Amino acid sequence: MQSENPEEMLDNMQPFLDMMMNYECALMEIETKLKVLNSEFALQHNRNPFESIKSRLKKPISIIGKLRKKGLDFTIENIEENLTDIAGIRVICSFPEDIYAVSDLLAKQDDITVIEVKDYIRKPKSNGYRSLHLIVEIPIFLTTGKKYMKVEVQFRTIAMDFWASLDHKLKYKKDNLKHPELIAKELKKCADTITSVDYKMQEIRNMLE
Ligand code: 0O2
């Protein structure tokens with residue numbers, strides 16, 4: 001089989017690499033905003049609202065998979081217009097109240113446009129998944145001018161994150177398990193327990209303050 005020449009291959013990849021760099025810049029901007037909020041909150045309340053912040057760019061293979069699922073071709077336009085989670089940030093907080101306090105402060109910033117809010121904390125998914133998802137748009141300033149990029153920010157508590165990572169494993173191993181529905185049922189029970197622990201801990205924290 002005749003392969004494409006390497007120079008041509010690199011040329012074809014360049015728009016994709018440029019787009020990913022733009023998403024990376026958007027991630028850096030949102031991450032900085034969150035870190036500023038964390039520091040200021042810490043000064044005012046004498047504690048950090050975040051346990052950790054993790055950011056990631058979606059892998060090219062997952063981008064291809066998601067486009068395919070939507071029946072779309074792999075083009076820069078399709079990615080930018082139809083996928084909202086190429087750039088993702090996960091903010092892990094100790095308490096549910098902090099999630100809403102910090103996400104409100106982020107959403108209110110005047111260079112940020114909130115495109116969509118999915119509140120799986122107030123309205124959990126049927127499997128028990130809880131998290132607050134914000135799709136935001138932020139301008140990045142390039143040599144060629146201003147460009148608006150979308151970033152998905154997921155806020156969850158330590159307990160919600162612990163649960164989601166186990167659930168993620170279930171998602172990928174489901175086909176090879178003997179009793180996936182039993183595991184899903186047990187996980188759902190854990191989600192309910194975790195919810196009550198999250199709010200109980202918050203109550204105790206509020207009493208301590
Ligand atoms: P990954 O590997 O984390 O990137 P849309 O993006 O609106 O077309 P989608 O993807 O259903 O549709 O949106 P949603 O519900 O907001 O989910 C986006 C992300 O939230 C997922 O990304 C997961 O990271 C997380 N998530 C949503 N539901 C669940 C769940 O039931 N369990 C766990 N563990 N995580 C969940 P990806 O692309 O699926 O995967």
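Computed from a prediction, not measured in an experiment: that's the story for all the values here. First listed ligand is number 1; within each ligand, the first listed atom is number 1.
Nearest to atom 16 (O) of ligand 1 by heavy-atom distance, out of H133, M160, Q154, is H133.
Of the protein's heavy atoms, K58 NZ, 3.0 Å lies nearest to atom 38 (O) of ligand 1. If you check which protein heavy atom lies closest to atom 6 (O) of ligand 1, you get K66 NZ, 3.1 Å. Scanning the protein for heavy atoms near atom 2 (O) of ligand 1, the closest one is H168 NE2, 4.0 Å. For atom 28 (N) of ligand 1, the closest heavy atom belonging to the protein is K125 NZ, 2.7 Å. At the top of the distance list for atom 8 (O) of ligand 1, counting protein heavy atoms only, stands K70 NZ, 3.1 Å. Closest to atom 35 (N) of ligand 1, if we only count protein heavy atoms, is Y129 CE1, 3.3 Å. If you check which protein heavy atom lies closest to atom 18 (C) of ligand 1, you get E152 OE2, 3.7 Å. The protein atom (non-hydrogen) at minimum distance from atom 5 (P) of ligand 1 is K118 NZ, 3.9 Å.
Taking a distance limit of 4.0 Å, we find that atom 10 (O) of ligand 1 is approached by some protein heavy atom.
Between the CG atom of D73 and the CZ atom of R68 there is a distance of 10.0 Å, given to the nearest 0.5 Å.
No salt bridge links K108 with D104; every basic N to acidic carboxylate O contact stays at or beyond 4.0 Å. Ion pairing between E152 and K58 fails under the 4.0 Å rule for side-chain N and carboxylate O. Ion pairing of E31 with K35 is present here, as a side-chain N (NZ or NE/NH1/NH2) and a carboxylate O approach within less than 4.0 Å.
Atoms of ligand 1 lying under 4.0 Å from at least one heavy atom of R90, given by number and element, are 24 (O). Counting the atoms of ligand 1 from 1 in the order shown, those under 4.0 Å from a heavy atom of D85 are 38 (O). Near A164, meaning under 4.0 Å from any of its heavy atoms, are these atoms of ligand 1: 34 (N). For ligand 1, the atoms closer than 4.0 angstrom to any heavy atom of K171 are 39 (O). Each of the atoms 30 (C), 31 (O) of ligand 1 lies under 4.0 Å from some heavy atom of N127.
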Audit row: D18, Q14, side chain to side chain donor-acceptor pair (under 3.5 Å) steps and yes/no:
CA-CA 6 Å; D18 290 345; Q14 200 54 49; 3.0 Å; yes

What do the steps show when you test D111 against K146 for salt bridge (charged side-chain N to carboxylate O under 4.0 Å, His left out), and what is the final call?
CA-CA 12 Å; D111 52 350; K146 181 159 69 170; over 6 Å; no

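Annotation: cation-pi geometry satisfied between R122 and Y100 (NZ/CZ under 6.0 angstrom from ring centroid, within 45° of ring axis).
Closest approach of P96 and T157 over heavy atoms only: N-CG2, 3.7 Å.
Checked by distance only, ligand 1 and D167 come closer than 3.5 Å through their nitrogen or oxygen atoms. For the pair Y172 and ligand 1, the shortest N or O to N or O distance does not fall below 3.5 Å.
Heavy-atom separations between E116 and ligand 1 are all 4.0 Å or longer.
Between K33 and V136, every side-chain heavy-atom pair lies at or beyond the 4.5 Å cut-off.
Between H133 and Y120, the ring-plane angle classifies as perpendicular under the 30° and 60° cut-offs.
In this structure, the side chain of D167 does not engage the main chain of W163 through any donor-acceptor pair within 3.5 Å.
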